[in-house]
Amino acid sequence: MELLDTTLSDWMTGVFASCFPDHDLESVEIAVVATTVEGFGDYQCNAAMGLARVLQQNPRRIAESVVNSGADHEAVEKLEIAGPGFINIYLNTDWIAAQIVAMGGDPRLGVPVPGEGQRVVMDYGAPNIAKPLHIGHLRSHNIGSAIDRMLRFIGYEVVADNHLGDWGTQFGITIMGWRESGDAEALEQSPMAELERLYVESYEKTKTDEDWLTCCRQELVKLQAGDEENTALWRRFVELSLKELERIYARLGIRYDLSRGESFYNDQLPDTVSDLEARGLARPSEGAIVVFLEEEGLPACIVRKSDGGFNYATTDIATVRSRVEQLAASRIIYVTDERQQLHFKQVFAIAARLGYTASLEHVWFGLMRLPQGAFSTREGNVIRLDALLDEAEERARAVVAESSPDIPPDQQDEIARMVGIGAVKYADLSQNPQSAVTFTWEKALALNGNSGPYLQYACARISSVLDKYAERHPAVSLAEYPVILGESVERKLAVHLLQFAGIVIQAGENFRPNVLADYLYELAGMYSTFYQNVPFLRADEGVRESRVRLCGIVADVLRQGLSLLGIETPKRI
RNA sequence: GCGCUCGUAGCUCAAUAGGAUAGAGCGUCGGCCUCCGGAGCCGAAGGUUGCAGGUUCGAUUCCUGCCGGGCGCACCA
């Protein structure tokens with residue numbers, strides 16, 4: 001199946017070309033887009049206005065030439081001119097029905113694979129370990145994972161790599177904390193709490209105690225130099241943290257192909273720096289080794305500190321090299337918060353100077369904050385991710401228990417898990433990634449309105465309809481009945497369904513999960529209107545089968561779409 | 001000071017290669033269960049898209065200035 005927008009745009013481009021053979025229209029894109037306002041057809045082409053200057057003609061006149069040219073297309077019922085020169089396109093309802101049948105018979109629901117043959121490394125999540133995850137960690141994992149799923153679905157060969165913060169200053173701080181007041185028993189009993197305590201207390205001291213800070217840095221340098229005792233401590237801290245991380249990832253349904261943390265690149269750092277120096281890109285400055293990026297209009301970037309330690313930039317440069325050379329990535333996509341924009345500009349600039357041609361893209365998202373302002377581990381006003389997920393599941397559990405008491409308790413638990421986690425994920429993903437997020441429990445846990453559970457609910461109701469139909473008409477094969485789009489809701493629903501493929505590609509290529517979320521919400525809304533106002537199980541034979549088929553495709557799209565956002569869909573809810 | 005970014009209904013947010021009448025949710029008010037699941041549906045009220053200019057047939061969208069938030073700017077990551 002071809003994308004609807006593309007089909008119509010290509011056709012329109014041809015029509016314009018044949019209407020105005022004496023002009024070169026190559027430079028102007030003649031696009032057809034879905035109509036924004038009801039009553040102006042299904043699609044519209046606005047090119048006539050834009051071409052008025054090029055063609056030296058009144059735009060309305062141009063539109064008339066196009067509409068009266070006699071050009072036709074199997075998908076198009078009629079064309080109309082409106083306003084200053086809008087060309088409104090009305091689709092042929094039978095054609096829509098035929099497309100819907102084709103879509104319903106396709107396991108991919110008509111979504112093509114434009115990314116085929118491209119390997120892309122996705123870098124998201126990447127939490128600093130040795131500290132528990134809090135709600136601020138949600139976005140990178142959530143948004144990254146959704147983009148990952150969408151890109152995979154449209155054919156990219158994605159390698160999801162969790163670039164864990166398992167190396168660096170925080171370990172110097174934690175190791176000093178351990179030396180000062182480490183409690184072996186506590187570390188055994190509740191490792192994350194103990195690691196957090198050590199970090200927080202030790203970090204506090206760095207703020208007031210200059211010597212302490214120096215010691216922390218020295219411990220880090222020792223660790224980086226392979227000191228035996230520090231390495232053993234580090235290994236233990238990492239091991240405990242990873243176990244905890246795995247548990248949360250299981251809850252969130254996040255899976256990586258690789259988890260190459262910063263430590264993975266540790267032994268490549270000296271070479272990375274000497275390579276930069278050898279090529280004349282880096283040079284000593286104030287005791288550190290620095291790459292100056294004046295040509296790019298960027299501040300200088302330190303690749304080796306004056307104490308001999310390496311930093312984030314160094315690791316990221318080594319990581320680019322590894323991903324390009326070892327993993328054969330043609331694209332690397334980083335998903336981090338907005339604070340790292342400058343950092344990645346610097347890293348990308350250095351990578352370009354090193355001659356890497358892979359496309360490096362930084363997808364940044366807005367910081368999550370509380371209504372009172374930013375939060376931080378040090379301030380003690382963090383909300384643990386675990387606590388959020390627990391609360392979400394609990395609230396969902398209460399609603400399930402009330403609305404579906406007949407479902408066995410263990411199934412209620414399972415439903416509550418899917419609904420609770422789905423609510424949290426959807427609340428985040430339905431927003432433009434680049435907007436800053438103000439966290440409120442009310443929003444994160446919403447179970448109705450524009451929420452994950454609303455979409456899951458629509459799905460569950462359809463499942464129920466399909467089950468009832470199968471029960472009442474056990475021997476019937478729905479596919480033998482034609483799809484009839486008699487009611488205007490049905491037609492609207494069908495046109496919207498046909499837009500799924502284009503939406504998935506747009507959302508994936510532009511790194512915008514909220515575009516997909518928006519689409520699904522609209523779909524569910526249209527379905528609810530349909531459901532509420534048009535009978536289907538009680539309709540006459542033929543109409544009944546057509547409507548049940550349509551329901552089935554809506555459910556398939558909702559399920560597939562939600563799954564691309566990492567949200568599960570229970571059969572009952 | 002320089003850079004990035006945001007400012008849309010009472011609140012939280014959509015609307016991104018410029019398109020016709022700026023959309024949702026929450027909250028408020030009013031309707032809808034003899035019926036396929038009410039986590040629902042239908043309707044109402046609510047807007048000078050921060051302000052002032054500019055480009056354009058057309059600007060929430062692009063440009064300039066101003067006001068007001070957020071974030072970043074060499075040895076944290």
* To do: Flag the pair Tyr454(A) / Tyr426(A) as yes when their ring centroid distance falls below 6.0 Å, and as no otherwise.
  => no
* To do: Show your working on side chain to side chain contact (heavy atoms under 4.5 Å, CB included) between Met12(A) and Tyr43(A) and close with a plain yes or no.
  => CA-CA 11 Å; Met12(A) 235 340 135; Tyr43(A) 277 77; over 6 Å; no
* **Check: A24(B) base within 3.5 Å donor-acceptor of Glu522(A) side chain** => no
* **Pair of N/O donor and acceptor under 3.5 Å linking A20(B) base with Thr35(A) side chain** => no
* Asked: Is Asn88(A) side chain donor-acceptor paired with the A20(B) base, going by distance under 3.5 Å alone?
  -> yes
* Verify the stacking flag for Phe86(A) against A20(B): centroid separation must be under 5.5 angstrom and the ring planes must differ by under 30 degrees. => yes
* Asked: How about Tyr265(A) and His163(A): are their ring centroids closer than 6.0 Å?
  -> yes
* Structure fact -> Among C76(B), A14(B), A20(B), the one nearest any side-chain atom of Asn514(A) is A14(B)
* Just checking Arg538(A): base, sugar-phosphate only, or nothing, at a heavy-atom cut-off of under 4.0 Å? -> base
* Asked: Parallel, tilted or perpendicular: which fits the ring planes of Tyr519(A) and His496(A), with parallel below 30° and perpendicular above 60°?
  -> parallel
* Distance below 4.0 Å between Tyr454(A) side-chain N/O and C41(B) OP1 or OP2 -> yes
* Looking at the side chain of Thr438(A), which of C13(B), A14(B), C57(B) is the nearest nucleotide? -> C13(B)
* For residues Trp212(A) and Ser202(A), is any side-chain donor paired with an opposing acceptor at under 3.5 Å? -> yes
* Any idea which of A77(B), G40(B), C36(B) is nearest the Arg461(A) side chain? -> G40(B)
* Scan Val400(A) against the nucleic acid and name what it touches under 4.0 Å (heavy atoms): base, sugar-phosphate only, or nothing. => base
* To do: Report yes or no: is the ring centroid of Tyr457(A) under 5.5 Å from the six-membered base ring centroid of G40(B), with the two planes under 30 degrees?
  => no
* To do: State whether Lys443(A) places a side-chain N or O below 4.0 Å from either non-bridging phosphate oxygen (OP1 or OP2) of C11(B).
  => no
* Asked: When you match Asn450(A) and Pro84(A) each to their closest nucleotide on RNA chain B, which lands nearer the 5' end?
  -> Pro84(A)
* Asked: Have Asn311(A) and Thr314(A) got a donor and an acceptor in their side chains that come within less than 3.5 Å?
  -> yes
* Asked: Base, sugar-phosphate alone, or nothing: which one does Val291(A) contact when heavy atoms must sit under 4.0 Å apart?
  -> nothing
* Asked: Do the numbers put Arg461(A) on top of the ring of Tyr531(A), so that NZ or CZ is under 6.0 Å from the six-membered ring centre and no more than 45° off the axis?
  -> yes
* Asked: Taking the six-membered ring for Trp, is the centroid-to-centroid distance between His141(A) and Tyr124(A) below 6.0 Å?
  -> no
* Taking the six-membered ring for Trp, is the centroid-to-centroid distance between Phe344(A) and Tyr334(A) below 6.0 Å? -> yes
Considering only nitrogen or oxygen atoms on both sides, find all protein atoms under 3.5 Å from nucleotides 2-8 of chain B and state each distance.
unit_1	atom_1	unit_2	atom_2	d
C4(B)	O2'	Gln341(A)	OE1	2.9

* On RNA chain B, check which nucleotide each of Tyr521(A) and Ser464(A) is closest to and give me the residue with the more 5' one. => Tyr521(A)
* Asked: Just the dot-bracket of RNA chain B, please: which string comes out with Watson-Crick or G-U pairs under 3.5 Å, [ ] for crossing, | for another strand?
  -> (((((((..((((.....[...)))).(((((.......))))).....(((((..]....))))))))))))....
* Structure fact -> Value for CG (Leu281(A)) from CZ (Phe292(A)), rounded to nearest 0.5 Å, stands at 12.5 Å
* Counting heavy atoms from C-beta on, name the nucleotide in A17(B), U21(B), A77(B) closest to the side chain of Val37(A). => U21(B)
* For Ala313(A), answer base if it contacts any base atom (sugar-phosphate contacts may also be present), sugar-phosphate if it contacts only those atoms, and nothing otherwise; contact means non-hydrogen atoms under 4.0 Å. => nothing
* **Of the listed nucleotides G25(B), C36(B), A39(B), the one nearest the side chain of Ile573(A)** => A39(B)
* Phosphate-side-chain proximity, Thr529(A) and C42(B), N/O vs OP1/OP2 below 4.0 Å -> yes
* Asked: Please walk me through it: do Lys492(A) and Glu38(A) pass side chain to side chain contact (heavy atoms under 4.5 Å, CB included)?
  -> CA-CA 10 Å; Lys492(A) 259 177 74 176; Glu38(A) 218 164 325; 3.9 Å; yes
* Asked: For RNA chain B, what residues of residues 417-426 of chain A have any heavy atom nearer than 4.0 Å?
  -> Val419(A)
* Asked: Under a 90° cut-off about 0 for the syn range, is C62(B) syn or anti?
  -> anti
* G40(B), A77(B), A39(B): which one has an atom nearest the side-chain heavy atoms of Glu262(A)? -> A77(B)
* Ignoring the backbone of Asn46(A), work out which of G19(B), A74(B), A20(B) is nearest its side chain. => G19(B)
* Looking only at side-chain N and O atoms, does Ser435(A) come under 4.0 Å of OP1 or OP2 in A14(B)? -> yes
* To do: Ignoring backbone atoms, test whether Tyr531(A) places a side-chain nitrogen or oxygen under 4.0 Å from the OP1 or OP2 oxygen of G38(B).
  => yes
* How would you label the contact of Arg369(A) with the nucleic acid (heavy atoms, under 4.0 Å): base, sugar-phosphate, or nothing? -> sugar-phosphate
* **Ring-ring centroid check Tyr457(A) Tyr527(A), cutoff 6.0 Å** => no
* To do: Step through the shown structure and confirm whether more than 12 heavy atoms of other residues, nucleotides or ligands are within 6.0 Å of NZ on Lys205(A).
  => yes
* OP1 or OP2 of U56(B) under 4.0 Å from side-chain N/O of Arg53(A) -> no
* **Asn46(A) side chain to Gln44(A) side chain, donor-acceptor N/O pair below 3.5 angstrom** => yes
* With a 4.0 Å cut-off on heavy atoms, is Pro59(A) in touch with a base, just the backbone sugar-phosphate, or nothing at all? -> nothing
* To do: Ignoring backbone atoms, establish whether Thr169(A) has a side-chain N or O less than 4.0 Å from OP1 or OP2 of A77(B).
  => yes
* **Base C75(B) paired with Ser306(A) side chain (donor-acceptor, <3.5 Å)** => yes
* Candidates C36(B), C41(B), A15(B) - which lies nearest the side chain of Phe536(A) -> C36(B)
